[in-house]
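Everything on this sheet refers to the single structure shown next.
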Amino acid sequence: MSGARFEPTPGPSSEIELLARAQALAGVRLGELAERLERPVPTDLRRAKGFVGQLVELGLGATAASRSGPDFAELGIELKTLPVDSSGRPVESTFVCTISLTDVGDIEWELSPVRAKLARVLFVPVEGERERPVAERRLGTPLLWSPSAEEESELKFDWDELAGRIGRGDVEGITGHLGRYLQVRPKAADSHARRRALDADGVAFQALPRGFYLRASFTARIVAAHYALAR
DNA sequence: GATTGATCATGT
DNA sequence: ACATGATCAATC
């Protein structure tokens, strides 16, 4: 008894159970979910950017936020909330993972953290228009996704370009314009943050931390294909 | 209007 | 300090 702990929601024990739980949340407003979980709802997300993701994690019984590894460790599934507009189109890019600027150039796609993260993802669409009050935003129909062969080859292409460029010491030459579906953008507390990187000669220097993101056009295709099949 | 670069909170 | 969860806001 001394070590016993109650969790708000026990984790799902199978993919089917997880999907059923997520489906049961379709149509539910964030305000209602927050009330069930006894969590306050921020008036806007400027100072609570992770609110939606963390609320849904809690609602589905995911491992606590900020732990490394997949959200549902035993199932090997990553949870991503996906902000969408009224027609179901993603309104934001999707963060994938941070980048080790010193190692990324030596990692082949097959062993890359991007591939690992995206191997199995539960996308939960959420109304994400800024003018809609947070509490009134509804959850959508979830989608359990793994990349198709074509999607994976597209991601690999971008990985090779972006990781290769960083590996050649040119992280400072990378902008968000690069990459067809996968892009590299800052991922830091602010623009003054610095991490160790290596230049073209292998000499260490301090660079702005970066992360990999999926462009909204990529997730839009995934969602569109799902709805096409669902109807 | 879409996109890139900047930023915010929390937990380990 | 760094990884988790992302969205904001300036700019194109």
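Throughout, a chain's letter reflects where its sequence line sits, starting with A, and its residues are numbered from 1.
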Roughly how many Å is it from [atom1] in [X] to [atom2] in [N], rounded to a whole number?
X	N	atom1	atom2	answer
A/Phe212	C/dT4	CZ	P	13 Å
A/Phe51	C/dC8	CZ	C1'	17 Å
A/Glu57	C/dA3	CD	P	17 Å
A/Asp44	B/dC8	CG	C1'	11 Å
A/Asp71	B/dG11	CG	C1'	14 Å
A/Glu172	B/dT4	CD	C1'	16 Å
A/Asp190	B/dA9	CG	P	12 Å
A/Arg137	C/dA6	CZ	P	14 Å

Which residues pass the ring-ring contact (aromatic ring centres under 6.0 Å, His included) test with A/Phe212, sequence neighbours left out?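 In terms of ring-ring contact (aromatic ring centres under 6.0 Å, His included), with neighbours along the sequence ignored, A/Phe212 is linked to A/Trp159.
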In chain order, what residues pass the ring-ring contact (aromatic ring centres under 6.0 Å, His included) check against A/Tyr181, with sequence neighbours excluded?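 Listed in chain order: A/Phe218.
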Looking at [X], does any N or O in its side chain come under 4.0 Å of the phosphate oxygens OP1/OP2 on [N]?
X	N	answer
A/Ser68	B/dT12	no
A/Lys49	C/dA9	no
A/Gln183	B/dT4	yes
A/Arg47	B/dT7	no

Within the 4.0 Å heavy-atom criterion, would you say [X] contacts the bases, only the backbone, or no part of the nucleic acid?
X	answer
A/Gly176	sugar-phosphate
A/Arg46	sugar-phosphate
A/Ala188	base
A/Glu78	sugar-phosphate

Can A/Ile174 be reached from A/Leu208 by stepping across I, L, V, M, F, W or Y side chains whose heavy atoms are under 4.5 Å apart? no
Cut-off 3.5 Å, no hydrogens considered: what does the side-chain donor-acceptor table look like for residues 195-202 of chain A, sequence neighbours left out?
residue: A/Asp199; atom: OD1; partner: A/Asp201; partner atom: N; Å: 2.7
residue: A/Asp199; atom: OD1; partner: A/Gly202; partner atom: N; Å: 3.1
residue: A/Asp199; atom: OD1; partner: A/Val203; partner atom: N; Å: 2.9

Could you work out, with salt bridge (charged side-chain N to carboxylate O under 4.0 Å, His left out) as the rule, every residue matching [X], not counting sequence neighbours?
X	answer
A/Glu127	A/Arg132, A/Arg138
A/Arg137	none
A/Glu32	A/Arg36

Please pick, from [options], the nucleotide with the shortest atom-to-atom distance to any side-chain atom of [X].
X	options	value
A/Lys187	B/dT12, B/dG5, B/dT7	B/dT7
A/Leu208	C/dT7, B/dA6, C/dA6	B/dA6
A/Ser191	B/dT7, B/dT4, C/dG5	B/dT7

Residues that, via side-chain heavy atoms closer than 4.5 angstrom, fall in one hydrophobic cluster with A/Tyr213: A/Phe95
Residue whose closest nucleotide on DNA chain B lies nearer the 5' end, A/Arg215 versus A/Arg39: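 Result of the comparison: A/Arg215.
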Report yes or no: does A/Glu151 contribute a side-chain atom to a donor-acceptor pair with the main-chain N or O of A/Ser148 at less than 3.5 Å? yes
Which residue pairs pass the salt bridge (charged side-chain N to carboxylate O under 4.0 Å, His left out) test with at least one member in residues 178-188 of chain A, sequence neighbours excluded?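 Applying salt bridge (charged side-chain N to carboxylate O under 4.0 Å, His left out) to every pair that reaches into residues 178-188 of chain A, excluding sequence neighbours, yields nothing.
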Give a yes-or-no answer on whether the side chains of A/Ser14 and A/Glu17 include a donor-acceptor pair shorter than 3.5 Å. no
Identify the pairs formed between an N or O of the protein and an N or O of nucleotides 10-12 of chain C at a distance under 3.5 Å, and give each distance.
none

With nearest nucleotides of DNA chain C determined for A/Lys117 and A/Pro83 from heavy-atom distances, which residue corresponds to the more 5′ nucleotide?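 Whichever sits nearer the 5' end wins; that is A/Lys117.
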Between A/Gly128 and A/Gly69, who's closer to the 5' end of DNA chain C by nearest nucleotide?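 Between the two, 5'-proximity favours A/Gly69.
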Give me the residues of residues 90-106 of chain A where at least one heavy atom lies under 4.0 Å from an atom of DNA chain B, by number, or none.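 Listed by number, there are none.
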DNA chain B contacts made by residues 22-31 of chain A, counting heavy atoms under 4.0 Å: none
Would you sort out whether A/Leu139 and A/Leu30 count as a side chain to side chain contact (heavy atoms under 4.5 Å, CB included), showing the intermediate values? CA-CA 7 Å; A/Leu139 296 164; A/Leu30 294 181; 4.0 Å; yes
In a table with atom names and distances, give each donor-acceptor pair under 3.5 Å that connects a side chain of residues 115-124 of chain A to protein atoms at least two apart or in another chain.
residue: A/Arg115; atom: NE; partner: A/Glu152; partner atom: OE2; Å: 2.6
residue: A/Arg115; atom: NH1; partner: A/Glu110; partner atom: O; Å: 3.1
residue: A/Arg120; atom: NE; partner: A/Glu15; partner atom: OE2; Å: 2.6
residue: A/Arg120; atom: NH1; partner: A/Ser146; partner atom: OG; Å: 2.8
residue: A/Arg120; atom: NH2; partner: A/Glu15; partner atom: OE1; Å: 3.0
residue: A/Arg120; atom: NH2; partner: A/Glu15; partner atom: OE2; Å: 3.3

